[in-house]
Protein chains: 2
Amino acid sequence: MIRVLLADDEGMIRSALAALLRLEADIEIVAECADGAEAVAAAERLRPDVCLLDLEMPQLDGVQVTERLNRTVATRCVIVTRHARPGVLRRALASGAAGFLPKSRGADEVASVIRRVAAGGRYIDPELAADALSDERSPLTDRELDVLRAGRHGETTRQIARTLSLAPGTVRNHVSAVLGKLSVGTRQQAVLLAEERGWI
Amino acid sequence: MIRVLLADDEGMIRSALAALLRLEADIEIVAECADGAEAVAAAERLRPDVCLLDLEMPQLDGVQVTERLNRTVATRCVIVTRHARPGVLRRALASGAAGFLPKSRGADEVASVIRRVAAGGRYIDPELAADALSDERSPLTDRELDVLRAGRHGETTRQIARTLSLAPGTVRNHVSAVLGKLSVGTRQQAVLLAEERGWI
DNA sequence: CTACGGGCATGACACATGTCATGGACGCGG
DNA sequence: CCGCGTCCATGACATGTGTCATGCCCGTAG
C-alpha cells in the first residue's frame, strides 16, 4: 500500500485527485493539504511514502516544501504545476524532487507516476525534459534578478532601491540591463517574461 | 440521462472531473474541450444539456462561450473559475450563465450543481453571492477600462494611444484617473488590482 | 432654453524612468 | 604582476509618465 500526501491550494482539483486515487487498490491518501506549511507539518507527522505537491501554493511553494522534507523525512516528492517551463523544472529537480508532472497531462497519469516514484524511480515529463535539454538558462545576473523580484508588483524605483539598500540610479541601471537582455521595453513585460520562463 | 460538455484548458482537472462524472449513473460526458472555440463548436454540434466551462481559456473564455451559446443552442452553462470575485460573478451572470462555481469548492459538488442546473434551476456559490450583494462595482468608466486593458501587459503609453486611436496625453489622463480612483501609484498595480477584482 | 454635471480629449508642467559613460571590486589566465 | 572580462554601483542626461487645468460634447434638471 502506497501512502500518499496530497497538497494543492485549489480545492476542486485536490478533491478530484483524491477521489480518483482512492479508487486505486494500492494507494492510500493519508492527508489532503491546502498550503505548503500544512503539507510540511502533515508530512513530518504522517511520514507518507509519496508527496504530490502543487508548485503554486500559499505560504510555501512546492519547491520549498520539497527542500524542507528532504532534510527531515524519508519521503519522495512529485511536483505538479500549471506553468511547466524548463526553468521551473530545473528548480524542482534542484530541490530534490523525484517527479515532475505538468497539469496539462491527464489525471490518469498521476497514479502511475506515484507508483513509479514510490518504487524508487524518477519521473520527468518527457516532452518538457526535451525542452530543458536545449538549455536556455536565464541570461540575467543575480542582482538583476533581485531587482526584478523586488519590482514584481509594480513597485516604484525608489521602493526597490530602499528594499535592496541601493541608490535609485543603480536600480535603474539594473532594470535597463534586464530590458536590454530580454529585448523588451518596460519592467512589467520583463517581469511577465521572467515569470513565464520560471526565472523568478 | 444528463448530457454534459466539459471545457477546461488544464488537462489534469478536465480529465479528473470527466472520470468522476462518468461514475455518476445519470450523467454522460459527451465532449471534453481544451479551449473556448472548440467548446462552442462541439456544443453546437452535440447540443448537450449542460456545459461546464472554465472561465480562463484560450481563444474564448467561459463568459464569451456562454454568450455565444445562449444565442444558438438550448443549453445551460455553468462557469467554473479559480478567481472567484464578485466582479467575475457579475460578468458571468450577465452573460446568461445558469451556474457559477469557484474551483475552491470540492469536486463532489460538481455533480449536484449539474443536476440542479439541468433541472432548470440556477446555482450560485452562496459565499460569493453574499459578497456580490455588498455590491462593490468598478468605479472606473468604460474608457478607463479600455485603457487599462490595452496596457495590461506593460505596453507603453504610445502603444496604447495607437491601439485606441488617441493622443498620448489622453491616455495619460485616463491612467491618472484610474490611479487616483484605485489609490495606487503605478499602472501595473492598477492592472493587478483590476484583474484581481474581475473588472477587466 | 439654459445651466449643470459627467465623461472624454488635450496640452503644459514636474517628476520618475530608461540610457549611457564611468569607476571600483573581484576572479582568471598569461 | 598585469591585463582582461564580468558584475555591481553611481551620476548626468534624454525620454516617458503622472498631475493638473482646460475645453468639448451630450444628456438631464430646472
Side-chain angles (χ1 to χ4, degrees), chain A residues 87 90-91 94 135-200, chain B residues 87 90-91 94 135-200:
Chain A
R90 194 179 318 285
R91 281 213 333 248
D135 186 13
E136 197 205 343
R137 202 195 196 98
S138 163
L140 305 179
T141 75
D142 294 346
R143 211 61 177 148
E144 284 161 1
L145 287 172
D146 287 343
V147 170
L148 217 49
R149 264 188 286 267
R152 200 200 278 236
H153 305 295
E155 288 81 353
T156 163
T157 303
R158 190 177 308 242
Q159 289 173 307
I160 300 174
R162 254 198 292 272
T163 310
L164 302 179
S165 305
L166 285 178
T170 309
V171 172
R172 289 201 290 272
N173 187 12
H174 284 307
V175 170
S176 183
V178 169
L179 300 184
K181 285 179 183 174
L182 303 187
S183 321
V184 297
T186 71
R187 265 172 232 216
Q188 188 174 356
Q189 290 179 333
V191 169
L192 289 173
L193 211 98
E195 283 178 343
E196 181 84 354
R197 308 235 173 128
W199 293 340
I200 55 178
Chain B
R90 194 180 317 284
R91 281 211 338 242
D135 187 12
E136 194 204 348
R137 206 200 193 90
S138 163
L140 306 179
T141 74
D142 294 346
R143 212 56 177 150
E144 285 160 0
L145 287 173
D146 287 343
V147 170
L148 216 51
R149 264 187 285 268
R152 197 200 277 235
H153 305 294
E155 288 81 350
T156 166
T157 303
R158 190 178 308 243
Q159 288 173 306
I160 300 174
R162 253 198 293 272
T163 310
L164 302 178
S165 305
L166 286 179
T170 309
V171 173
R172 287 201 291 267
N173 188 12
H174 285 306
V175 170
S176 183
V178 170
L179 299 184
K181 286 178 183 175
L182 304 187
S183 321
V184 295
T186 69
R187 265 172 231 217
Q188 188 175 354
Q189 291 178 334
V191 169
L192 289 173
L193 212 106
E195 285 179 342
E196 183 82 353
R197 309 234 173 130
W199 292 340
I200 54 179

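Note that the structure is predicted; figures quoted are calculated from it, not measured. Values reported hereafter were calculated over all heavy atoms of this structure, with side chains retained and with hydrogens, waters and symmetry mates removed. Chain naming here is simple, since letters A, B, ... match the order of the sequence lines and numbering starts at 1 in each.
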Seminar exercise, completed: Here the pair of heavy atoms bringing A161(B) nearest to A167(B) is CB-C, 4.1 Å
Exercise. Considering residues at least two apart in sequence or located in another chain, which fulfil the salt bridge (charged side-chain N to carboxylate O under 4.0 Å, His left out) criterion with R143(A)?
Worked result: D146(A)
Exercise. Nearest to the side chain of R187(B) - dT10(D), dA9(D), dT17(D)?
Worked result: dT17(D)
For this session: For Q188(B) and dT17(D), give me the distance from atom CD to atom C1', rounded to whole Å.
Result: 14 Å
For this session: Any salt bridge (Lys or Arg N to Asp or Glu O under 4.0 Å) involving residues 167-190 of chain A? Give me the pairs, sequence neighbours left out, ordered by first then second residue.
Result: E144(A)-K181(A)
For this session: May I ask you to list the residues of residues 173-186 of chain B, by number, that have any heavy atom positioned under 4.0 Å from an atom of DNA chain C?
Result: N173(B), H174(B)
Problem set entry | Partners meeting side-chain contact (heavy atoms from CB on, under 4.5 Å) with T156(A) (sequence neighbours left out) | R158(A), Q159(A)
What pairs of nitrogen or oxygen atoms, one from the protein and one from nucleotides 23-27 of chain D, lie under 3.5 Å apart?
none

For this session: Output all residues satisfying side-chain contact (heavy atoms from CB on, under 4.5 Å) with L182(B), sequence neighbours left out; order by chain, then residue number.
Result: P139(B), L140(B), V178(B), V184(B), A190(B), L193(B), W199(B)
Exercise. Can you list the residues that meet the salt bridge (charged side-chain N to carboxylate O under 4.0 Å, His left out) rule with R152(B), with sequence neighbours excluded?
Worked result: E195(B)
Problem set entry | Inter-residue atom distance H153(B).NE2 - T186(A).OG1, 0.5 Å rounding | 11.0 Å
Problem set entry | Short side-chain to backbone donor-acceptor contact, T163(A) and A150(A), under 3.5 Å | no
Exercise. With a 4.0 Å cut-off on heavy atoms, is R172(B) in touch with a base, just the backbone sugar-phosphate, or nothing at all?
Worked result: base
Exercise. In terms of side-chain heavy atoms of T141(A), which of dT10(D), dA9(D), dC7(D) is nearest?
Worked result: dC7(D)
Problem set entry | Shortest non-hydrogen contact between L148(B) and A194(B), atoms and distance | CD2-CB, 3.7 Å
Problem set entry | With R162(B) via salt bridge (charged side-chain N to carboxylate O under 4.0 Å, His left out) - residues at least two apart | none
For this session: Provide the start and end nucleotides, 5' to 3', of the part of DNA chain C that has atoms under 4.0 Å from heavy atoms of chain A.
Result: dA16(C) to dA21(C)
Exercise. Between L166(A) (CG) and dC7(D) (P), how many Å, whole number?
Worked result: 17 Å
Exercise. Contacts to DNA chain C from residues 145-165 of chain A, heavy-atom cutoff under 4.0 Å, which residues?
Worked result: T156(A), T157(A), R158(A)
